[in-house]
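Below is one structure, written out as structure tokens, with a few remarks after it.
Scope of the values below: all heavy atoms of this structure, side chains included, with no hydrogens, waters or symmetry mates. Since the structure is predicted, the reported quantities are computational estimates derived from the model, not experimental observations.
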Amino acid sequence: GEPLFVSEAPEAQLRAIWATIFDLMFRVRTLEKAIEQAKDDLASDADSSTLMRLKSERDSFRRDLEMKSWQADSSGSATFH
């Protein structure tokens, strides 16, 4: 579908979009805390695979948040394009 502009979107769709954005922000913050812990763990375990996986996942969520076009479908699910 076509992207919705805030002024055109019904309230339910706006709520779905904001809920999705909030969820992504929460996930990024949680991953940032896990990354800090993984960095601390490197002192005792030189395996950096967990740290790299966490960073990759965090960066993916950050890219999702930076998307400029958000949409909510008729079921109330929000997606980005």
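- Hydrophobic clustering of Ile, Leu, Val, Met, Phe, Trp and Tyr side chains at less than 4.5 Å, counting indirect connections, keeps Met52 apart from Leu42.
- Under the side chain to side chain donor-acceptor pair (under 3.5 Å) criterion, Asp47 pairs with Ser49, sequence neighbours left out.
- For Thr20 (side chain) and Ala16 (main-chain N/O), a donor-acceptor pair under 3.5 Å exists by modelled atom type.
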Can you give me every donor-acceptor pair (side chain of residues 25-39, partner residue at least two apart or in another chain, under 3.5 Å) with its distance?
{"unit_1": "Arg27", "atom_1": "NE", "unit_2": "Asp23", "atom_2": "OD2", "d": "3.1"}
{"unit_1": "Arg27", "atom_1": "NH2", "unit_2": "Asp23", "atom_2": "OD2", "d": "3.4"}
{"unit_1": "Thr30", "atom_1": "OG1", "unit_2": "Phe26", "atom_2": "O", "d": "2.9"}
{"unit_1": "Glu32", "atom_1": "OE2", "unit_2": "Arg62", "atom_2": "NH2", "d": "2.5"}
{"unit_1": "Gln37", "atom_1": "NE2", "unit_2": "Asp41", "atom_2": "OD1", "d": "3.0"}

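- Considering CD of Glu66 and CG of Asp59, their distance stands at 9.5 Å, rounded to 0.5 Å.
- With sequence neighbours left out, Arg53 forms a side chain to side chain donor-acceptor pair (under 3.5 Å) with no residue at all.
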